[in-house]
K.L.:
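Before anything else, here's the structure in question.
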Amino acid sequence: MDIENTLQLAASKAIEEIYGVLPNLNLVQIQKTKREFEGDFTLVVFPLLKISKKNPEVTAQEIGERLVSSSKAITSFNVVKGFLNLSLSYTFWCNTLNTIASTIDFGYAKSDSSGKTKMVEFSSPNTNKPLHLGHIRNNLLGFSISRILQANGDKVIKVNLVNDRGIHICKSMLAWQKFGKGETPENSGKKGDHLVGDYYVLFDKEYKKQIEELQAKGMSEEEAKTKAPIILEAQEMLLKWEAKDSEVYSLWQTMNQWVYTGFDVTYSALGIEFDKVYYESETYLLGKSIVNEGLAKGVFVKKPDGSVWIDLNDHGLDEKLLLRADGTSVYMTQDIGTAVQRFNEYHLDDHIYVVGNEQEYHFNVLKLVLLKLDYKWTDHLYHLSYGMVQLPEGKMKSREGKVVDADDLVEEMVSTAQEMSQELGKLNELNAKEASEIVTMIGLGALKYFILKVDPKKNMTFNPKESIDFNGNTGPFIQYTHARIQSVLRKAIEVGIVIPHSINPVELSGKERELIQLVSAFPSVVKQAAEILSPALLANFAYELSKEYNQFYHDFFIIKEEDEKVRQARLLISHEVANAIRLSMWLLGIDVPNRM
RNA sequence: GGCCCCGUAGUUCAAUGGAUAGAAUAGCGGUUUCCUAAACCGUAGAUCCAAGUUCGAUUCUUGGCGGGGCUACCA
């Protein structure tokens with residue numbers, strides 16, 4: 001139980017004793033005392049006036065007196081307007097610090113302790129183009145959420161559903177056939193996913209050209225789009241693929257393989273990995289039998305042309321297609337099939353889809369369809385719907401090549417980190433291998449933090465020119481704080497000072513209490529982040545903690561402190577702050593260096 | 001047209017209905033014989049508009065205005 005809860009209970013008990021009424025717990029609001037007032041925690045008394053039937057000051061005074069006399073930990077209080085500010089004893093804070101220090105991975109639940117299994121699907125790339133900044137947000141969110149759930153004691157299965165089939169892949173294939181002249185990753189030196197992506201762009205260019213030509217001959221744009229020879233060829237190629245035409249099929253395999261090899265490099269650069277990879281070419285037929293069941297139950301309707309629909313007008317939505325007239329399935333059909341399959345196979349408690357907010361409608365429909373089919377777990381499907389990443393000039397368009405490429409971005413971040421480290425002379429005493437590891441850590445830290453600190457559901461703008469900072473509220477700032485602490489601890493050991501595992505009670509400064517309090521709140525941050533699926537909470541936590549520590553570091557001696565008891569407390573605080581930073585950053589998928 | 005999301009300093013982000021709306025960055029001015037200055041301190045600067053609910057609204061409701069998304073026999 002965290003400190004707020006303990007105080008909440010103590011306060012409600014005090015209120016019952018004084019006024020004879022046990023207050024509803026949501027009326028007993030405990031919050032951190034604002035910086036400008038004295039105290040550690042504050043009880044907001046306004047909601048309690050109904051019970052006390054007295055004015056705010058008197059009510060606060062009475063509760064304050066009762067709490068001080070009944071609790072050893074609460075030593076004093078002051079009242080400002082309707083706010084009762086409580087101060088806790090230094091013994092209490094030292095004990096809190098000792099508890100933190102004696103807990104392994106403080107803030108994380110024991111692995112698999114929740115007994116729940118949760119699947120997180122993320123990444124889900126198309127195999128016709130390389131990953132871009134939008135995918136990076138998806139990957140980072142998915143990976144971070146997986147770790148957060150894991151830290152809450154869940155068994156997590158990270159899965160990737162690769163969209164490896166469809167008309168868009170045929171476009172790349174066709175353009176390669178027509179214009180590629182046998183280009184391969186090997187003979188061109190291009191990364192496979194980029195090579196395939198280039199042909200996707202090339203297709204679009206040619207397609208647009210043909211549309212213009214047809215329009216020049218008097219055809220409407222609408223018609224030109226459907227009659228351009230190259231799009232007809234692509235459609236034909238898709239049919240051949242579905243018929244497993246050997247030539248098309250083997251080209252498809254070859255080009256997809258190029259892409260996978262490329263993706264692997266990107267994933268590995270980002271530190272992303274999966275427990276299982278699904279391929280749409282293997283799952284796209286799933287779901288048909290379930291649709292037929294629904295038809296038999298009368299949940300779905302078949303139109304005269306043979307297509308199958310669900311009518312969701314009752315739910316404020318419209319009709320949605322589930323099977324085409326020719327009997328082939330659509331995306332929805334597949335998602336129905338895979339959901340059922342996964343719940344059956346893994347006995348999932350929750351299934352989280354990390355997918356952009358442009359697909360909210362799709363997931364609403366998916367849940368409703370499954371609900372109507374009477375599956376009991378539909379409440380356990382979550383769409384982690386994140387906002388788009390936009391460029392200053394608007395949406396990224398991969399067809400037009402207007403994207404921030406993932407590989408380029410990572411490379412640029414790392415090389416910027418390299419330049420800055422060099423300039424600051426940070427790498428002077430390190431060998432090449434260490435230096436390169438640290439520089440990579442910093443570049444990636446900057447990128448990942450930049451993206452994850454933003455509330456997932458919000459859209460974000462990325463300006464490639466202004467790029468990503470390394471100072472202020474950034475990943476490197478937090479990494480630096482960690483490195484700084486490690487440096488202090490190293491130096492302490494060098495001069496023969498032992499880092500304590502626990503301390504004796506000692507008077508603490510406000511800054512020291514603040515640090516202990518922040519670290520003590522870590523478990524509840526981890527828990528809340530899991531509840532609302534938001535890595536941003538951990539980013540904020542790590543930042544606030546780092547900021548506080550840097551002020552502390554600036555204003556206080558640690559090793560040089562002569563009072564041994566005080567020095568021990570400061571060393572232990574430093575040690576625990578470093579741990580909390582490391583553990584919170586790990587949940588973001590960001591590593592922290594021991595020097596930088 | 002219908003449905004959904006978002007409007008906070010110049011910019012990028014915070015704020016379970018609670019105190020004087022926090023940070024960072026950019027600007028201006030400072031700190032290094034002192035454990036890492038990728039740091040620290042000071043200064044200036046914002047809740048789109050209008051009603052309503054409330055002891056109290058950036059937060060909730062309604063209506064405007066502005067931006068984005070969805071509304072395919074695409075995924």
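In what follows, chains carry the letters A, B, and so on, assigned in the order in which the sequence lines appear, proteins first and then strands, with residues in each chain numbered from 1.
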K.L.:
Test for a donor-acceptor pair under 3.5 Å between the base of B:rA19 and the side chain of A:Thr42, counting only N and O atoms.
P.N.:
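Yes, a donor-acceptor pair under 3.5 Å.
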K.L.:
Name the nucleic acid region contacted by A:Lys426, choosing base, sugar-phosphate or nothing; use a 4.0 angstrom heavy-atom cut-off, strictly under.
P.N.:
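The answer is base, as A:Lys426 lies within the cut-off (heavy atoms under 4.0 Å) of a base atom.
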K.L.:
Under 4.0 angstrom, heavy atoms only, what part of the nucleic acid is A:Tyr361 near: base, sugar-phosphate, or nothing?
P.N.:
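A:Tyr361: backbone/sugar contact only, no base atoms under 4.0 Å.
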K.L.:
Reckon A:Ala483 touches a base, only the sugar-phosphate, or nothing at all at heavy-atom distances under 4.0 Å?
P.N.:
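Contact class for A:Ala483: base.
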K.L.:
Suppose you measure atom C1' in B:rA51 against the same atom in B:rA24; what distance do you get, rounded to whole Å?
P.N.:
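Each nucleotide's C1' atom is 35 Å from the other's.
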K.L.:
CD of A:Glu419 versus P of B:rA38: gap in Å, rounded?
P.N.:
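Roughly 17 Å, once rounded to whole Å.
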K.L.:
Rounded to the Å, how far apart are A:Arg35 CZ and B:rA19 C1'?
P.N.:
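Rounding to the nearest Å, CZ of A:Arg35 and C1' of B:rA19 are 15 Å apart.
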K.L.:
For B:rC65, which nucleotide in any strand shown is its Watson-Crick or wobble partner with both distances under 3.5 Å?
P.N.:
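With both distances under 3.5 Å, B:rC65 matches B:rG7.
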K.L.:
If you measure from the P atom in B:rU47 to the same atom in B:rG64, how many Å do you get, rounded?
P.N.:
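Taking atom P in both B:rU47 and B:rG64, they lie 24 Å apart.
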K.L.:
Of all the nucleotides listed (B:rG69, B:rC40, B:rU20), which has the minimum atom distance to the side chain of A:Asn357?
P.N.:
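The closest nucleotide is B:rG69.
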K.L.:
Between A:Asp563 and A:Arg567, does any side-chain N to carboxylate O distance fall below 4.0 Å?
P.N.:
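Between A:Arg567 and A:Asp563 there is no salt bridge, as every charged N stays at least 4.0 Å from the carboxylate O atoms.
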K.L.:
What is the base-pairing partner of B:rA72, counting Watson-Crick and G-U wobble geometry with both distances under 3.5 Å?
P.N.:
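Pair assignment: B:rA72 / none.
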K.L.:
Below 4.5 Å, heavy atoms only, C-beta onward: do A:Leu25 and A:Ser12 meet side chain to side chain?
P.N.:
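Result yes, sub-4.5 Å side-chain heavy-atom pair found.
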K.L.:
For A:Gln359, which contact category applies under a 4.0 Å heavy-atom criterion: base, sugar-phosphate, or nothing?
P.N.:
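Here A:Gln359 touches the bases of the nucleic acid.
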K.L.:
For A:Asp555 and for A:Ser329, find the nucleotide of RNA chain B with the closest heavy atom, then tell me which residue's nucleotide is more 5'.
P.N.:
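Closer to the 5' end of RNA chain B: A:Asp555.
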K.L.:
Generate the contact string for nucleotides 9-18 of chain B. Rules: B means base contact, S means sugar-phosphate contact only, - means no protein heavy atom under 4.0 Å.
P.N.:
----SS-B-B
K.L.:
I want to verify a distance call: between B:rC34, B:rA39, B:rA23, whose nearest atom is closest to the A:Lys560 side chain?
P.N.:
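So the nucleotide nearest the side chain must be B:rC34.
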K.L.:
Using purine N1 to pyrimidine N3 plus N6-O4 or O6-N4 for Watson-Crick, or N1-O2 and O6-N3 for G-U wobble, both under 3.5 Å, which nucleotide pairs with B:rG22?
P.N.:
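Base partner found: B:rC13.
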K.L.:
Write down the distance separating the C1' atoms in B:rA21 and B:rU59, rounded off to the nearest Å.
P.N.:
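To the nearest whole Å, 11 Å.
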K.L.:
Please work out if A:Asn85 contacts a base, only the sugar-phosphate, or nothing of the nucleic acid, heavy-atom cut-off 4.0 Å.
P.N.:
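It contacts base atoms.
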K.L.:
Quick one: on RNA chain B, does A:Glu280 or A:Phe470 contact a more 5' nucleotide (nearest heavy atom)?
P.N.:
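It is A:Phe470 whose nearest nucleotide is closer to the 5' end.
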K.L.:
Hey, are A:Glu360 and A:Ser385 close enough side-chain-wise for a donor-acceptor pair under 3.5 Å?
P.N.:
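Side-chain D/A pair, A:Ser385 to A:Glu360: present.
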K.L.:
Contact class for A:Leu49 vs. all strands (heavy atom < 4.0 Å): base, sugar-phosphate, or nothing?
P.N.:
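It contacts nothing in the nucleic acid.
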K.L.:
Using distance alone, with no hydrogens and no angle criterion, decide if A:Asp40 and A:Thr33 have a side-chain donor and acceptor under 3.5 Å apart.
P.N.:
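A:Asp40 vs A:Thr33: no donor-acceptor pair found between side chains.
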K.L.:
Within the structure, does a side-chain N or O atom of A:Lys81 lie under 4.0 Å from either OP1 or OP2 of B:rU20?
P.N.:
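Yes, because at least one side-chain N or O of A:Lys81 sits under 4.0 Å from OP1 or OP2 of B:rU20.
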K.L.:
Using Watson-Crick or G-U wobble geometry with both distances under 3.5 Å, which nucleotide pairs with B:rU33?
P.N.:
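By the stated definition (distances under 3.5 Å), nothing pairs with B:rU33.
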K.L.:
So, taking the atom named CD in A:Gln551 and the one named CG in A:Leu515, what distance separates them when rounded to the nearest 0.5 Å?
P.N.:
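Taking CD in A:Gln551 and CG in A:Leu515, the distance rounds to 9.0 Å.
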K.L.:
Base, sugar-phosphate, or nothing: which does A:Asn26 touch, judged by heavy atoms less than 4.0 Å apart?
P.N.:
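If one applies the 4.0 Å heavy-atom cut-off, A:Asn26 turns out to touch nothing in the nucleic acid.
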K.L.:
May I have the distance from A:Lys457 (atom NZ) to B:rC5 (atom P), rounded to whole angstrom?
P.N.:
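Rounded to whole Å, this separation is 11 Å.
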K.L.:
Rounded to the Å, how far apart are A:Leu27 CG and B:rC55 C1'?
P.N.:
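Interatomic distance, CG of A:Leu27 to C1' of B:rC55: 14 Å.
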K.L.:
Check the distance between B:rC35's P and A:Ile499's CD1 and give it to me in whole angstrom.
P.N.:
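Atom-to-atom, A:Ile499 to B:rC35, this comes out as 17 Å.
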K.L.:
State whether A:Arg490 places a side-chain N or O below 4.0 Å from either non-bridging phosphate oxygen (OP1 or OP2) of B:rC35.
P.N.:
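The answer is no; no side-chain N or O of A:Arg490 sits under 4.0 Å from OP1 or OP2.
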K.L.:
Using atom C1' of each nucleotide, how far apart are B:rA46 and B:rG7 to the nearest Å?
P.N.:
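Each nucleotide's C1' atom is 12 Å from the other's.
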K.L.:
Quote, to the nearest angstrom, the C1' distance that separates B:rG45 from B:rU25.
P.N.:
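Their C1' atoms lie roughly 13 Å apart.
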K.L.:
Determine the interatomic distance between P on B:rU20 and the same-named atom on B:rG56; round to the nearest Å.
P.N.:
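Per the computed distance, 14 Å lies between those P atoms.
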K.L.:
Rounding to a whole Å, what distance do you find between A:Leu238:CG and B:rC73:C1'?
P.N.:
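Whole-Å distance recorded here is 13 Å.
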K.L.:
When both hydrogen-bonding distances must be under 3.5 Å and the geometry is Watson-Crick or G-U wobble, what is B:rC28 paired with, if anything?
P.N.:
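Across all strands, the one nucleotide that pairs with B:rC28 is B:rG42.
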K.L.:
Taking only side-chain nitrogens and oxygens of A:Ser487, does any of them come within less than 4.0 Å of OP1 or OP2 of B:rC35?
P.N.:
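Checking A:Ser487 against B:rC35: no side-chain N or O falls below 4.0 Å of OP1 or OP2.
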K.L.:
Roughly how far, to the nearest 0.5 Å, is CG of A:Leu588 from CG of A:Leu141?
P.N.:
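Separation between the atoms: 10.0 Å.
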K.L.:
So if I take every side-chain heavy atom of A:Met388 and compare against B:rC40, B:rC73, B:rG69, which nucleotide ends up nearest?
P.N.:
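Closest nucleotide among those given: B:rG69.
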K.L.:
Taking CZ from A:Phe37 and C1' from B:rU20, how many angstroms apart are they, rounded to a whole number?
P.N.:
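To the nearest whole Å, that distance equals 8 Å.
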K.L.:
Hey, does the side-chain of A:Ser421 have a donor or acceptor N/O within less than 3.5 Å of a partner on the base of B:rA38?
P.N.:
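Side chain to base: pair found, below 3.5 Å.
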K.L.:
Determine whether a donor-acceptor pair (N or O, by modelled atom type, separation under 3.5 Å) exists between the side chain of A:Glu38 and the backbone of A:Asn78.
P.N.:
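It does not hold such a pair.
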K.L.:
Taking the side chain as every heavy atom from C-beta outward, state whether A:Glu280 and A:Gln334 have any atom pair closer than 4.5 Å.
P.N.:
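Yes; the side chains approach each other to less than 4.5 Å.
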K.L.:
Can you tell which of B:rA38, B:rA24, B:rC70 lies closest to the side chain of A:Lys547?
P.N.:
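Nearest to the side chain of A:Lys547 among the choices is B:rA24.
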K.L.:
Please state how far atom CD in A:Gln422 lies from atom C1' in B:rA38, giving the value in whole angstrom units.
P.N.:
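Result: 15 Å.
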K.L.:
Provide the distance between the two C1' atoms, one in B:rA75 and one in B:rA57, to the nearest whole Å.
P.N.:
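Taking atom C1' in both B:rA75 and B:rA57, they lie 41 Å apart.
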K.L.:
Should the pair A:Phe462 and A:Phe450 be assigned to parallel (<30°), tilted (30 to 60°) or perpendicular (>60°) ring geometry?
P.N.:
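Ring orientation, 0 to 90° scale: perpendicular.
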K.L.:
Which nucleotide, B:rA38, B:rA75, B:rC35, lies nearest any side-chain atom of A:Ile558?
P.N.:
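Closest nucleotide to the A:Ile558 side chain: B:rC35.
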K.L.:
Let's test this: given Watson-Crick or G-U wobble pairing with both distances under 3.5 Å, identify the partner of B:rC60.
P.N.:
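Pairing partner: B:rG52.
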K.L.:
Mind checking whether A:Trp252 and A:Trp241 have parallel, tilted or perpendicular rings, split at 30° and 60°?
P.N.:
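Plane angle over 60°, so perpendicular.
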K.L.:
A:Phe557 near the nucleic acid: base, sugar-phosphate alone, or nothing, with a heavy-atom cut-off under 4.0 Å?
P.N.:
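Result for A:Phe557 = base.
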K.L.:
Can a side chain N or O of A:Lys491 be found less than 4.0 Å away from OP1 or OP2 on B:rU36?
P.N.:
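Result: yes.
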K.L.:
Check whether any side-chain nitrogen or oxygen of A:Gln551 sits under 4.0 Å from OP1 or OP2 of B:rC41, and answer yes or no.
P.N.:
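For B:rC41, OP1 or OP2 has a side-chain N or O of A:Gln551 closer than 4.0 Å.
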K.L.:
Under 4.0 Å from OP1 or OP2 of B:rA38: is there any side-chain N or O of A:Arg484 that close?
P.N.:
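Indeed not, no polar side-chain atom of A:Arg484 lies that close.
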K.L.:
Among A:Glu564, A:Glu561, A:Glu576, A:Glu562, whose salt bridge (charged side-chain N to carboxylate O under 4.0 Å, His left out) with A:Arg570 holds?
P.N.:
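Among the candidates, only A:Glu561 passes.
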K.L.:
Go through A:Tyr386 and A:Asn357 one step at a time and tell me if the side chain to side chain donor-acceptor pair (under 3.5 Å) criterion holds.
P.N.:
CA-CA 5 Å; A:Tyr386 62 91; A:Asn357 62 11; over 6 Å; no
K.L.:
In whole angstrom, give me the gap between the C1' atoms of B:rA44 and B:rC48.
P.N.:
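Here B:rA44 and B:rC48 have their C1' atoms 23 Å from each other.
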